[in-house]
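Whatever order the structure lists them in is the order used to number ligands and atoms, beginning at 1. Reckoned from all heavy atoms, side chains included, excluding hydrogens, waters and symmetry mates. These figures come from a predicted structure and were not determined experimentally.
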Amino acid sequence: MAGNAARYAWLNGEYVEWPEARIHVSTAAVLTGGSVFEGLRGYSDPDERQVYVFRLPEHLTRLRQSMKIMRMTPPYSSEELAAVCAELVVRNGFREDVQIRPTVYFGEGGLFAHTPDKIDTGAFVLATPRRSTLDDEQGIACCVSAWRRLADDVMPPRVKAGANYQQSRLVVVQATVDGYDGAIILNGQGKVAEGPGACLMIVRDGRPILPPVTAGVLESITRSTLIELFAAEMGVQAVEREVDRTELYVADEVLFCGSAWEVTPITSVDRYPVGDGTIGPLTRRIRRIYRDVVRGRLPQYKHWLTPVY
Ligand SMILES: Cc1ncc(COP(=O)(O)O)c(C=O)c1O
């Protein structure tokens, strides 16, 4: 069963044994997917003595923004949740790479209520081991999904809502059934948006190009991290502009970026090889830099890391 490597979870103020982390089936979270969450990674240092949570405050700021748009009353402060995210890794004794998932949810009460007098708001945090793929040598084969991306005026992708991932589920399952490793989703205007759980970047003529944050995407923390690293470490200015579907077919490089997907090379799209069908040079370099940043090997980026021990 997923997550059974974790002994403890945190639920509404208490560290509880994993099997005791339960909420009632009548909650809005269960009935209608009324929740917002964050997905973070913690990286062990080379000696496995420390685990660094990557960009913890930024993730909790985004969680606040998701709550704000959903008109949720925050049940805990960002500082309290930050402390829990770190402490949960320690309590579980994890020294390896981990994934951390703080979630805020609507509990029992009126199904579409939002104020504390009419519906409870709760929170939980999970932490489980998850190995990094940053040293993997394989790219992935993607299709362009027939499903269109959620839109800001339909179900805003800017909100990291649990329910948004029902669309991601449709996309991923279809891609899997069709024999692909992943899928790229176009928005309602037919422009490239993102993946089901990651943002997307292409490289043309040596320049990284990303769909803008108004293309129907999550405002990805990894995306802005990479834009910063391209400029500071490689002297390369990324361009944010609309991306056409057919640019995926002629791009020199394509990659997914996100906390979970890290920097994942996409080596074919709709069976068109990307470049020569292997991991391209910019992807290779930025991936190595990102790996060194998250593992604490580059002191100038240590301010992005929260050590848990
Ligand atoms: C739909 C979607 N887009 C983009 C991302 C990447 O966001 P981040 O880099 O902040 O993890 C994620 C991952 O959380 C995601 O689920």
Side-chain angles (χ1 to χ4, degrees), residues 33 35-43 52-66 69 78 85 97-104 125-126 128 130 132-134 140 142 145 147-152 154-173 175 182-188 191-202 208 210-230 238 240 243 254-264 266 286-287 289-291 293-294 301 304-306:
S35 71
V36 295
F37 72 102
E38 279 301 315
L40 302 91
R41 274 190 189 255
Y43 290 91
Y52 297 113
V53 182
F54 190 59
R55 306 203 75 169
L56 178 57
E58 290 86 347
H59 278 277
L60 294 174
T61 297
R62 192 172 62 190
L63 186 66
R64 290 293 276 212
Q65 290 170 359
S66 293
I69 297 173
S78 294
C85 288
D97 297 343
V98 292
Q99 182 175 45
I100 306 168
R101 188 177 160 131
T103 302
V104 178
V125 183
L126 305 176
T128 48
R130 182 164 184 179
S132 168
T133 59
L134 285 166
I140 63 168
C142 284
S145 181
W147 296 99
R148 289 295 170 105
R149 187 67 182 134
L150 302 167
D152 194 58
V154 177
M155 186 137 165
R158 181 169 286 100
V159 178
K160 197 166 167 66
N164 288 6
Y165 289 81
Q166 294 309 307
Q167 196 223 357
S168 298
R169 167 175 282 279
L170 287 168
V171 168
V172 170
V173 169
I184 298 164
I185 319 169
L186 307 181
N187 62 26
K191 303 295 179 186
V192 173
E194 61 179 346
C199 277
L200 182 122
M201 186 183 298
I202 66 172
L210 307 99
V213 292
T214 48
V217 303
L218 183 69
E219 289 186 1
S220 155
I221 291 157
T222 316
R223 177 186 182 282
S224 46
T225 300
L226 295 191
I227 292 172
E228 198 171 328
L229 292 177
F230 266 120
E240 297 176 71
V243 173
V254 182
L255 63 86
F256 275 147
C257 64
S259 302
W261 285 81
E262 303 176 296
V263 180
T264 297
I266 297 171
I286 197 70
R287 210 169 171 226
I289 294 165
Y290 185 77
R291 181 197 61 192
V293 168
V294 298
Y301 298 106
W304 283 344
L305 310 178
T306 302

Residues R62, E38: salt bridge by 4.0 Å N-O rule: yes

Hey, is E240 close enough to R223 for a salt bridge, meaning N to O under 4.0 Å? yes

Which residue supplies the protein heavy atom nearest to [atom], what is that atom called, and how far is it?
atom                    : value
atom 11 (O) of ligand 1 : S259 OG, 2.6 Å
atom 14 (O) of ligand 1 : K160 NZ, 2.7 Å
atom 16 (O) of ligand 1 : Y165 OH, 2.5 Å

Output, in order, the C-alpha distance, side-chain angles, deciding distance and verdict of ring-ring contact (aromatic ring centres under 6.0 Å, His included) for F54 and Y290. CA-CA 11 Å; F54 190 59; Y290 185 77; 5.7 Å; yes

Is the shortest heavy-atom distance from the side chain of [X] to the side chain of [Y] under 4.5 Å?
X    : Y    : result
W261 : C199 : no
I100 : V53  : yes
T225 : Y301 : no

If we only count N/O pairs under 3.5 Å, is [X] in contact with ligand 1?
X    : answer
I221 : yes
H59  : no
R223 : no

Looking only at heavy atoms, is any part of [X] under 4.0 Å from ligand 1, and if so is it the side chain, the backbone, or both, or is it neither?
X    : answer
W261 : neither
R149 : side chain
P196 : backbone

Taking only non-hydrogen atoms of R62, do any sit less than 4.0 angstrom from ligand 1? yes

Is the closest heavy atom of A198 to ligand 1 under 4.0 Å? yes

Minimum heavy-atom separation for S259 and L40, please, with both atom names. CB-CA, 4.5 Å

Salt bridge (Lys or Arg N to Asp or Glu O under 4.0 Å) between R149 and E194, intermediate numbers included: CA-CA 8 Å; R149 187 67 182 134; E194 61 179 346; 2.7 Å; yes

With heavy atoms of E194 as the reference, note each atom of ligand 1 found under 4.0 Å away. 1 (C), 2 (C), 3 (N), 4 (C)

Under 6.0 Å from the six-membered ring centre of F37 and within 45° of its axis: does the NZ or CZ of R101 meet both? yes

Minimum non-hydrogen distance to atom 13 (C) of ligand 1, winning option of S220, C199, S224, G197: G197

